Amino acid sequence: MESWLYITLIKWYNLHKRDLPWRETKDPYKIWLSEIILQQTQVIQGTSYYLKFIKNYPTVKKLANAPIDSVLKDWQGLGYYSRARNLHFTANQIIEKHNGKFPSSYTEIRNLKGIGDYTAAAIASFSFDLPYAVLDGNVYRVLSRIFGIKTPIDSVAGKKVFKDLAQSLLDLKHPADYNQAIMEFGSQQCKPTNPDCGNCPLSQKCWAFKHDAIKELPIKEKKIKVKHRHLNYFVLKNKNKVAFFKRNEKDIWQGLNEFYLIETKEPVGFEDLLPQLIKKFKKIELSASSKEIKHVLSHQLLFCKFYVIEVSITPKEYELIAIKDLQKLAWPRLIDNYINTCLLN
Ligand code: SF4
């Protein structure tokens, strides 16, 4: 028998669901793409990237065969670039281990790189109607408020409590509809701030509404520590060309390009870095400098400055590119903005 929760959610969903392009398909490749793109990304922004990826890489084979630089370039601006690298890696994994066919069991899907419990449940239920409950930020919020669960959602105990509850509530005959409905309900009705409780079909059953505890739920244990970094970028200019370098370390922006960088622990000015630059390049001429630009990442706050300096030496690990061609490369959004507003203007 269908539960009260399923019946209420599905009625609400049929009235309020948004038309989103990935909801029109059961193709696991397309659903996988949409799920990875939408992690840490708003639907409005994610939609244009989803459509671009479907157009440029219509099949898993096309994605696997594409150069990683093209994939990163198409990903530019979305952030969390490890998602793009994992997409490309996993597409190749599907070609090699699954003969190019997207796996259809939960365990095989979960074993693919870059796919966690949530994404595996989403693909398994949306594409194959398998009975796995999704548990994302929206679902944690809805369940904690309706059932008044105070166990922190980021604790080991909380993860188990919510996982068991979500699975016990799943409508086994309609796992895809149920999962879509509860996520959409969390995103559109039971929002993090100012949920629309006055027009909520679940308010009579909602513990948080009855106890005036909506603002307190869900509970999180840990506060995210934000690291501050000071990045001083030098556009090394040699006639009409500039030097660039591909970031390879396991850090932010791995696989993307950047200019010559001196990272410091504290904010510094050009004069503070001058001795280091003279030592490296012998003779330099400063032709432009930017104001400090703040750039926010999920766990880091970057304070960046850009300087254009004329040099005659290019460090050996760097390559040169004509200024007019800079946009052909994949850059972090911060640097891309600087290129567009200061170097190409
Ligand atoms: S009554 Fe408010 S808090 Fe409770 S489920 Fe509805 S929107 Fe969410």
Side-chain angles (χ1 to χ4, degrees), residues 1-20 22-23 34-35 38-47 116-122 124-126 129 131-224 298:
M1 201 178 73
E2 287 161 346
S3 72
W4 59 270
L5 185 60
Y6 174 73
I7 293 167
T8 314
L9 284 174
I10 214 69
K11 264 193 203 160
W12 177 93
Y13 183 64
N14 287 335
L15 286 173
H16 299 282
K17 72 175 168 193
R18 292 164 293 173
D19 286 329
L20 301 172
W22 48 88
R23 289 199 178 139
S34 72
E35 288 299 335
L38 289 172
Q39 289 167 8
Q40 321 280 347
T41 303
Q42 299 289 323
V43 164
I44 294 178
Q45 191 195 16
T47 303
D117 289 347
Y118 161 75
T119 309
S125 62
F126 300 160
D129 279 311
Y132 290 89
V134 290
L135 199 46
D136 71 346
N138 290 316
V139 181
Y140 274 115
R141 187 168 59 257
V142 171
L143 296 184
S144 71
R145 286 174 174 171
I146 293 178
F147 295 95
I149 303 170
K150 294 178 186 158
T151 319
I153 59 171
D154 54 349
S155 64
V156 177
K159 284 189 184 6
K160 173 143 181 30
V161 167
F162 281 93
K163 191 174 177 185
D164 291 348
L165 176 63
Q167 195 59 35
S168 73
L169 294 167
L170 181 72
D171 189 279
L172 297 177
K173 282 194 186 144
H174 312 96
D177 292 344
Y178 172 83
N179 279 340
Q180 293 277 20
I182 193 164
M183 285 200 293
E184 188 78 344
F185 182 81
S187 135
Q188 301 298 302
Q189 180 89 26
C190 192
K191 296 180 180 185
T193 49
N194 300 323
D196 189 4
C197 302
N199 294 307
C200 176
L202 288 169
S203 58
Q204 292 308 308
K205 300 249 185 196
C206 177
W207 187 93
F209 183 67
K210 281 191 213 156
H211 294 84
D212 196 16
I214 290 147
K215 284 190 187 146
E216 283 98 75
L217 292 169
I219 290 173
K220 272 195 185 176
E221 198 170 52
K222 298 176 203 125
K223 284 232 174 342
I224 293 174
S298 61

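Treat the numbers as computed from the prediction; the structure is a model and nothing was measured. Counting convention: from 1, in listed order, for ligands and their atoms alike.
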Nearest candidate to atom 5 (S) of ligand 1, where distance is taken over non-hydrogen atoms, out of L143, V142, I146: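 When every heavy atom of L143, V142, I146 is considered, I146 comes closest to atom 5 (S) of ligand 1.
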
For residues A133 and L170, report the shortest heavy-atom separation together with the two atoms involved.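 What the structure gives for the nearest pair is N-CD2, 3.8 Å.
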
Which residues pass the side-chain contact (heavy atoms from CB on, under 4.5 Å) test with E216, sequence neighbours left out? A213

Tell me, which pairs form a side chain to side chain donor-acceptor pair (under 3.5 Å) where one or both residues lie in residues 141-151, sequence neighbours left out?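 Non-adjacent pairs meeting side chain to side chain donor-acceptor pair (under 3.5 Å): N138-R141.
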
Measure the acute angle between the ring planes of Y6 and H174, then classify it against the limits of 30° and 60° as parallel, tilted or perpendicular. parallel

I want to verify a count. Protein N, O or S atoms less than 2.8 Å away from atom 2 (Fe) of ligand 1, how many are there? 1

Among residues at least two apart in sequence or on other chains, which ones pass salt bridge (Lys or Arg N to Asp or Glu O under 4.0 Å) with E184?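 If we apply the salt bridge (Lys or Arg N to Asp or Glu O under 4.0 Å) test to E184, skipping adjacent residues, the hits are R18, R23.
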
CD1 (I146) and CG (L217) are apart, to the nearest 0.5 Å, by 11.5 Å

